[in-house]
Student: 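My questions will all concern the structure given below.
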Amino acid sequence: QVQLVESGGGLVQPGGSLRLSCVASGFIMANYPVGWFRQAPGDEREGVSCITLTDKSDYADSVRGRFTISRDNAENTVYLQMNSLKPEDTGVYYCAASRWPNGCEAYGPNPGGYDYWGQGTQVTVSS
C-alpha cells in the first residue's frame with residue numbers, strides 16, 4: 001500500500017526555520033518525482049517545490065531562496081527545509097509523488113501532476 005506521511009510542522013515565529021519530512025512506505029521514493037504543496041484556509045492548494053529523479057529542483061517564486069527540497073534515498077524520505085519563514089507561509093503542507101517520471105520537469109510543483117498524497121502537516125508562522 002502506497003503511503004506518504006508528513007511531519008515536522010509546528011508553530012514558529014517570523015524569521016524562524018522548520019524542516020518538514022515526507023516518509024514513504026509501500027514504494028521506493030527515489031523512483032518518483034516528489035513535490036511539496038500547501039493550503040491556507042479558504043485558499044486553493046498551491047505548489048511550493050518539487051524534485052526530479054535526478055535531484056534537480058523547482059520552486060514557487062514566493063519561496064525561492066528560502067526553501068530547499070532534498071532527498072535521502074536511504075531513508076526513503078524527502079525533506080523541505082524552510083528558512084526565513086513569513087506569516088504568509090502558514091498552511092497545511094502536503095507532500096505528493098507523481099507517477100510520471102518527468103512529473104517535476106513537466107508540471108513543476110503543480111498539484112494536478114501528482115497522484116499519491118500524504119495527509120499533511122500544519123505550519124503556523126506567527127508572533
Side-chain angles (χ1 to χ4, degrees):
Q1 180 180 359
V2 172
Q3 188 174 16
L4 295 171
V5 178
E6 303 94 336
S7 64
L11 173 63
V12 63
Q13 292 186 343
S17 298
L18 285 174
R19 188 177 77 157
L20 305 183
S21 299
C22 173
V23 180
S25 60
F27 71 105
I28 299 173
M29 191 178 277
N31 295 337
Y32 293 79
V34 175
W36 281 98
F37 308 85
R38 66 188 181 190
Q39 188 167 18
D43 290 348
E44 293 186 353
R45 192 169 298 185
E46 65 173 356
V48 173
S49 180
C50 65
I51 188 165
T52 71
L53 297 182
T54 56
D55 290 351
K56 295 179 181 177
S57 55
D58 192 11
Y59 298 92
D61 289 343
S62 59
V63 307
R64 187 173 288 113
R66 300 188 296 123
F67 290 12
T68 304
I69 191 171
S70 62
R71 293 181 184 269
D72 184 336
N73 293 334
E75 298 294 327
N76 214 25
T77 300
V78 171
Y79 299 101
L80 185 69
Q81 177 67 42
M82 306 187 296
N83 299 328
S84 302
L85 282 161
K86 304 175 181 180
E88 51 263 43
D89 295 318
T90 294
V92 178
Y93 281 69
Y94 302 88
C95 65
S98 175
R99 62 192 176 103
W100 305 107
N102 65 339
C104 181
E105 295 98 326
Y107 303 112
N110 182 333
Y114 295 78
D115 306 283
Y116 310 112
W117 290 82
Q119 294 301 306
T121 184
Q122 175 70 44
V123 172
T124 303
V125 185
S126 175
S127 55

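When reading the values below, keep in mind they use all heavy atoms of this one structure, side chains included, and skip hydrogens, waters and symmetry mates.
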Student: P87 versus P14: any side-chain heavy-atom pair under 4.5 Å?
Tutor: yes
Student: Do T90 and S126 touch side chain to side chain, with heavy atoms closer than 4.5 Å?
Tutor: no
Student: Is any side-chain heavy atom of V78 closer than 4.5 Å to one of C95?
Tutor: no
Student: Is there a path of hydrophobic side-chain contacts, each under 4.5 Å between heavy atoms of I, L, V, M, F, W or Y residues, that connects W117 with Y93?
Tutor: no
Student: Can you see which heavy atom on D58 is nearest to which on C104, and at what distance?
Tutor: CB-SG, 4.3 Å
Student: Does Q119 CD have over 12 foreign heavy atoms under 6.0 Å away?
Tutor: no
Student: Would you check if the side chain of S84 reaches a backbone N or O of G15 as a donor-acceptor pair within less than 3.5 Å?
Tutor: no
Student: Got a donor-acceptor contact below 3.5 angstrom from the Y59 side chain to the I69 backbone?
Tutor: yes
Student: Closest approach of E6 and G120, non-hydrogen atoms and distance?
Tutor: OE1-N, 2.8 Å
Student: Output, in order, the C-alpha distance, side-chain angles, deciding distance and verdict of side-chain contact (heavy atoms from CB on, under 4.5 Å) for Y79 and I51.
Tutor: CA-CA 10 Å; Y79 299 101; I51 188 165; over 6 Å; no
Student: Determine, using the 4.5 Å side-chain heavy-atom cutoff (strictly less than), whether W100 and V2 are members of one ILVMFWY cluster.
Tutor: no
Student: Taking the six-membered ring for Trp, is the centroid-to-centroid distance between W36 and F67 below 6.0 Å?
Tutor: no
Student: Check the angle between the aromatic planes of F27 and Y116 and answer parallel, tilted or perpendicular using the 30° and 60° thresholds.
Tutor: tilted
Student: Within a strict 4.5 Å, meaning less than it, do heavy atoms of the M29 and C22 side chains meet?
Tutor: yes
Student: Between P109 and C50, which heavy-atom pair has the shortest distance, and what is it?
Tutor: N-SG, 3.8 Å
Student: If we only count heavy atoms from C-beta on, is the L53 to P33 side-chain gap below 4.5 Å?
Tutor: yes
Student: Given the rule in the side-chain contact (heavy atoms from CB on, under 4.5 Å) test, do Y94 and Q39 qualify, once you have shown the distances and angles that lead to the verdict?
Tutor: CA-CA 8 Å; Y94 302 88; Q39 188 167 18; 4.2 Å; yes
Student: Is there a side-chain contact between V123 and M82 (heavy atoms, below 4.5 Å)?
Tutor: yes
Student: Among T52, N76, D55, which residue satisfies the side chain to side chain donor-acceptor pair (under 3.5 Å) criterion with R71?
Tutor: D55
Student: Any idea which heavy atoms bring A97 and L4 closest together, and the distance?
Tutor: N-CD1, 3.8 Å
Student: Between F37 and Y114, how do the two ring planes meet: parallel, tilted or perpendicular, split at 30° and 60°?
Tutor: perpendicular
Student: Please round to the nearest 0.5 Å and tell me the distance separating atom CZ of R66 and atom OG of S49.
Tutor: 12.0 Å
Student: Under 4.5 Å between side-chain heavy atoms, hopping through other hydrophobics if needed: is there a path connecting V63 to L18?
Tutor: yes
Student: Are D89 and R38 close enough that some pair of their side-chain heavy atoms sits under 4.5 Å apart?
Tutor: yes
Student: Counting neighbours of CD on E88 that are heavy atoms of other residues, nucleotides or ligands and sit closer than 6.0 Å, is the number greater than 12?
Tutor: yes
Student: Hydrophobic clustering (ILVMFWY, side-chain heavy atoms < 4.5 Å, transitive) - are L20 and V12 grouped together?
Tutor: yes
Student: Measure across G8 and T121 and return the closest heavy-atom pair with its distance rounded to 0.1 Å.
Tutor: N-OG1, 4.2 Å
